[in-house]
A.B. asks: 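Sharing a structure with you now.
What you are looking at is a predicted structure, and each value in this text was computed from that prediction instead of being measured.
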Amino acid sequence: MLRFFRFDFKFNNSISTTDCRIRSNPNYNQFFPPKMSSAQLSGGTMSSGFTRLCKGLAAVLIGGHIVVQILPSAVSYLALIPAKTIPFAWNLITAGYIEQSIYGVVVSTIGLLFIGKLLEPIWGSREFLKFVFAVNFLTSVCVFITAISLYYITREESYLYMPISGFQGVLSGFLVGIKQIIPDQELSWLKLKAKWLPSLALLVAVVVSFFTVESASYLPTLIFGTYIGWIYLRYWQSNTEMKRRGDSSDDFAFSTFFPEFLRPVINPVAAIFERMFCGRRSETSEESSGYTLGGSSLPGSDPIEASRRRERGARALEERLASERLAAAGTTQEKQKDDATENV
C-alpha cells in the first residue's frame with residue numbers, strides 16, 4: 001500500500017493482542033468498517049483512511065489548479081502579487097490554495113491526504129481546519145511584508161510582481177505537527193527521527209535555492225510556514241485536556257529545531273518571543289488550571305502534557321498501521337479465494 005510516510009513500529013505484544021486492544025477502542029469503526037466487500041478491499045482501502053475534510057481540501061487544490069490552467073489570467077487575482085494585494089486583499093487567503101504547476105498540485109495533494117490522515121484524528125477536525133487557515137493566511141501576510149521590504153531595500157520591481165502561490169507553507173506547518181506528536185518515531189527510509197523533518201525540509205530548500213531561480217517563489221513560504229506552524233502549536237492551539245493553550249514543553253522549544261551546539265545561541269533569542277507570546281497570559285492560564293503551587297509552577301506539568309500528546313500520536317499511528325495491515329491481509333485472502341474459485 002502506498003504511504004507518504006512509512007514508519008517501522010515495534011509491537012511489544014503479539015498481533016492478536018494488538019487486535020484485541022484496537023477492537024476495544026471506541027473509534028474501532030473508524031478504522032474497521034463493519035462489512036467490507038472484496039471490491040472495497042481491492043479498490044477502496046487506500047483512500048478509506050483519508051478524512052472527509054482532507055478530501056475536501058484536496059478537491060480545492062485540484063480545482064484551483066484546473067482554474068488557473070483553463071484561465072491563466074486568474075493567477076493575477078488568486079495568487080499573491082504584492083503590488084496588487086491592495087486592493088485585491090483576498091489573495092492573502094486564496095494564494096495558499098492555488099498550485100500553478102502539476103508537480104506542485106500532486107505533492108501538495110499527497111502530502112495533505114497522508115499527513116492529514118495522521119494529524120486530524122488527534123487534533124480534531126475543527127482544530128485541524130483552524131490550523132490550515134491560520135498558517136496559510138499568516139504565512140501569506142509575512143511573505144507580503146517581506147516582498148514589500150525587499151523592494152524598498154533593493155528597488156527591484158520583481159519582488160512586487162512575482163506571483164507567489166502554493167500549499168507548501170501549510171505542508172511545512174504539518175511537518176511541525178509531526179515533530180510535536182511523534183518526535184522520537186524513526187523514519188526507516190531516512191534513518192532519522194520525525195522531530196528533524198521540519199529542519200531537514202528547510203535545509204534542503206535552502207540548498208536548492210542556490211541552484212534555482214524559482215526558489216524565490218517558494219522558499220519564503222516554506223520558512224514562514226514552518227515558523228507560523230510552530231507559533232500556532234506552541235502558543236495558540238486549544239488544549240481541552242489541560243485547559244490551556246499551546247505546548248510549553250521543553251521538547252517543543254524553538255531551539256529544538258537546531259542542533260545541540262547552536263542552542264545556547266538560539267535560546268536567548270527564543271526567550272524574547274516566549275515573553276511576547278506568553279507573558280502574563282501563560283502564567284494566568286497555569287494558575288487557573290491548577291498547575292501552580294504557592295505562586296510557583298508545579299514541576300512536571302509540561303512533561304506530562306508532552307507525554308500525553310506523544311502517547312496519543314503513537315496510539316493513533318499504531319492503530320492506523322494495524323488497520324492497514326489487516327486490510328491488506330483481507331485483500332490477500334479474498335484474492336486467494338477468488339483464484340481458488342476460478343481454478344475449480
A.B. asks: Is Leu129 linked to Leu138 within one hydrophobic cluster, defined over Ile, Leu, Val, Met, Phe, Trp and Tyr using a side-chain heavy-atom separation of less than 4.5 Å?
C.D. replies: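 Hydrophobic grouping puts Leu129 with Leu138.
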A.B. asks: Does anything in residues 137-162 form a salt bridge (charged side-chain N to carboxylate O under 4.0 Å, His left out)? List the pairs, not counting sequence neighbours.
C.D. replies: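 Sorted result for residues 137-162: empty, none.
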A.B. asks: Sequence neighbours left out, what passes ring-ring contact (aromatic ring centres under 6.0 Å, His included) with Tyr151? Give chain and number order.
C.D. replies: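 With sequence neighbours excluded, Tyr151 shows a ring-ring contact (aromatic ring centres under 6.0 Å, His included) to no residue whatsoever.
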A.B. asks: Working to the nearest 0.5 Å, report the span between CD1 of Ile181 and CD1 of Ile122.
C.D. replies: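 Nearest 0.5 Å value for the CD1-CD1 distance: 4.0 Å.
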A.B. asks: Mind checking ring-ring contact (aromatic ring centres under 6.0 Å, His included) for Tyr232 and listing every partner two or more places apart, or none if nothing turns up?
C.D. replies: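 Once residues adjacent in sequence are excluded, the partners of Tyr232 under the ring-ring contact (aromatic ring centres under 6.0 Å, His included) criterion are Phe131.
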A.B. asks: To the nearest 0.5 Å, what is the distance between CG (Leu71) and CG (Leu78)?
C.D. replies: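 One gets 9.5 Å once the value is rounded to the nearest 0.5 Å.
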A.B. asks: So do the side chains of Leu57 and Val170 get within less than 4.5 Å of each other, counting heavy atoms only?
C.D. replies: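 Leu57 vs Val170: side chains apart.
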A.B. asks: Ser248 and Arg234: side-chain donor and acceptor closer than 3.5 Å?
C.D. replies: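 No - no donor-acceptor pair under 3.5 Å links their side chains.
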A.B. asks: Would you name the heavy atoms of Pro82 and Ile148 that are closest together and state the gap between them?
C.D. replies: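 So the minimum-distance heavy-atom pair works out to CB-CD1, 4.2 Å.
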A.B. asks: With rounding to the nearest 0.5 Å, note down the distance linking CZ in Phe254 to CD1 in Ile231.
C.D. replies: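 Reported to 0.5 Å precision, the distance equals 8.5 Å.
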A.B. asks: Tell me, which pairs form a salt bridge (charged side-chain N to carboxylate O under 4.0 Å, His left out) where one or both residues lie in residues 252-267, sequence neighbours left out?
C.D. replies: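 Non-adjacent pairs meeting salt bridge (charged side-chain N to carboxylate O under 4.0 Å, His left out): Glu260-Arg263.
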A.B. asks: For the residue pair Gln237 and Trp123, establish whether any side-chain heavy-atom pair is separated by less than 4.5 Å.
C.D. replies: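 Yes - at least one pair of side-chain heavy atoms lies under 4.5 Å apart.
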A.B. asks: If you look at every heavy atom in Ser255 and Asn267, which pair is closest and at what distance?
C.D. replies: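 Taking every non-hydrogen atom into account, OG-OD1, 3.0 Å.
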A.B. asks: Indicate the atoms forming the closest heavy-atom contact of Tyr159 with Ala147, along with that distance.
C.D. replies: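 Heavy atoms of Tyr159 and Ala147 come nearest at O-CB, 3.6 Å.
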A.B. asks: Please find the pair of heavy atoms, one from Leu160 and one from Ile81, that lie closest to each other, and give the distance.
C.D. replies: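 That would be O-CG2, 3.4 Å.
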A.B. asks: Please round to the nearest 0.5 Å and tell me the distance separating atom CD1 of Ile223 and atom OH of Tyr218.
C.D. replies: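 Spacing of CD1 (Ile223) from OH (Tyr218) equals 10.5 Å.
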A.B. asks: May I ask you to check whether over 12 heavy atoms, not counting those of Lys84, lie within 6.0 Å of atom NZ?
C.D. replies: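 Not more than 12 within 6.0 Å, no.
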A.B. asks: How many angstroms lie between atom CG of Leu150 and atom CE of Met162, to the nearest 0.5 angstrom?
C.D. replies: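 Reported value, rounded in 0.5 Å steps: 10.5 Å.
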A.B. asks: Do Ile153 and Ile145 land in one hydrophobic cluster if side-chain heavy atoms of ILVMFWY residues count as linked below 4.5 Å?
C.D. replies: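 Not linked; separate clusters.
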A.B. asks: What heavy-atom pair brings Phe252 and Gln180 nearest, and what distance separates the two atoms?
C.D. replies: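 Smallest interatomic distance, heavy atoms only, reads CE1-CB, 3.6 Å.
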A.B. asks: Evaluate the criterion side chain to side chain donor-acceptor pair (under 3.5 Å) for residue pair Gln168 and Ser108; output intermediate values, then yes/no.
C.D. replies: CA-CA 7 Å; Gln168 60 267 16; Ser108 296; 5.2 Å; no
A.B. asks: What I'd like to find out is whether the side chain of Thr109 reaches to under 4.5 Å of the side chain of Leu113, using heavy atoms alone.
C.D. replies: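 Side-chain contact under 4.5 Å: yes.
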A.B. asks: Is any side-chain heavy atom of Leu222 closer than 4.5 Å to a side-chain heavy atom of Tyr227?
C.D. replies: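 Side chain of Leu222 against side chain of Tyr227, heavy atoms only: no contact under 4.5 Å found.
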A.B. asks: For residues 61-110, which residue pairs pass the ring pair (Phe, Tyr, Trp, His ring centres under 6.0 Å) check, not counting sequence neighbours?
C.D. replies: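 Listed once each, the pairs are Tyr77-Phe88, Phe88-Trp90.
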A.B. asks: Given Ser238 and Arg126, is the side chain to side chain contact (heavy atoms under 4.5 Å, CB included) satisfied, shown in steps?
C.D. replies: CA-CA 10 Å; Ser238 299; Arg126 182 178 179 181; over 6 Å; no
A.B. asks: Assess the residue pair Lys117 and Cys54 against the criterion (side chain to side chain contact (heavy atoms under 4.5 Å, CB included)); give the C-alpha distance rounded to whole Å, side-chain angles, the decisive distance to 0.1 Å, and a yes or no.
C.D. replies: CA-CA 8 Å; Lys117 182 172 69 172; Cys54 288; over 6 Å; no
A.B. asks: Kindly indicate, with the supporting measurements, whether the criterion side chain to side chain contact (heavy atoms under 4.5 Å, CB included) is fulfilled by Ile66 and Ile62.
C.D. replies: CA-CA 6 Å; Ile66 294 174; Ile62 297 173; 4.0 Å; yes
A.B. asks: Could you tell me if the side chain of Leu202 sits less than 4.5 Å from the side chain of Leu219, heavy atoms only?
C.D. replies: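 Leu219 does not reach Leu202 side chain to side chain.
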A.B. asks: Just so I know, are the side chains of Val75 and Gln100 near enough to count as touching, which here means a heavy-atom distance under 4.5 Å?
C.D. replies: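 Yes, side chains in contact.
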A.B. asks: Is there a side-chain contact between Phe257 and Thr226 (heavy atoms, below 4.5 Å)?
C.D. replies: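 Yes. Closest side-chain heavy atoms under 4.5 Å.
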A.B. asks: Any donor-acceptor pair under 3.5 Å linking the side-chain atoms of Ser165 with those of Glu99?
C.D. replies: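 Their side chains do not contain a donor-acceptor pair, so the 3.5 Å distance test is not met.
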A.B. asks: For residues Lys179 and Thr256, is any side-chain donor paired with an opposing acceptor at under 3.5 Å?
C.D. replies: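 Yes.
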A.B. asks: Are Val207 and Leu197 linked, directly or through intermediate hydrophobic residues, by side-chain heavy-atom contacts shorter than 4.5 Å (ILVMFWY only)?
C.D. replies: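 Yes, Leu197 connects to Val207 through the hydrophobic network.
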A.B. asks: Under 3.5 Å, is there a donor-acceptor pair between the Asp251 and Ser249 side chains?
C.D. replies: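 No - no donor-acceptor pair under 3.5 Å links their side chains.
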A.B. asks: Quick check, are the ring centers of Tyr235 and Trp230 under 6.0 angstrom apart?
C.D. replies: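 Yes: the rings meet the under 6.0 Å criterion.
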A.B. asks: Could you work out, with salt bridge (Lys or Arg N to Asp or Glu O under 4.0 Å) as the rule, every residue matching Lys193, not counting sequence neighbours?
C.D. replies: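 Once residues adjacent in sequence are excluded, Lys193 has no partner under the salt bridge (Lys or Arg N to Asp or Glu O under 4.0 Å) criterion.
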A.B. asks: May I ask whether Ile98 and Ile93 are part of the same hydrophobic cluster, defined by side-chain heavy atoms of I, L, V, M, F, W, Y residues being less than 4.5 angstrom apart, directly or through others?
C.D. replies: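 Cluster IDs for Ile98 and Ile93 differ.
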A.B. asks: How about Asp247 and Leu233: do any of their side-chain heavy atoms sit closer than 4.5 Å?
C.D. replies: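 No - every pair of side-chain heavy atoms lies 4.5 Å or more apart.
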A.B. asks: I would like to know whether Leu92 and Thr85 meet side chain to side chain contact (heavy atoms under 4.5 Å, CB included); could you show each step before the answer?
C.D. replies: CA-CA 7 Å; Leu92 293 172; Thr85 300; 4.0 Å; yes
A.B. asks: Would you check if the side chain of Ser172 reaches a backbone N or O of Gly169 as a donor-acceptor pair within less than 3.5 Å?
C.D. replies: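 At least one qualifying donor-acceptor pair exists.
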A.B. asks: Atom CZ in Phe137, atom CD1 in Ile228: separation rounded to 0.5 Å?
C.D. replies: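 It comes to 11.0 Å.
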A.B. asks: If hydrophobic clusters are built from ILVMFWY residues whose side chains come within less than 4.5 Å, do Val265 and Phe258 share one?
C.D. replies: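 Shared cluster, no.
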A.B. asks: So, for Lys55 and Phe50, which heavy atoms are closest and what is the spacing to 0.1 Å?
C.D. replies: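 That closest heavy-atom pairing would be CE-O, 3.5 Å.
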A.B. asks: Counting the benzene-type ring for Trp, do Phe174 and Phe128 have ring centres under 6.0 Å apart?
C.D. replies: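 Aromatic pair counts; centres sit under 6.0 Å.
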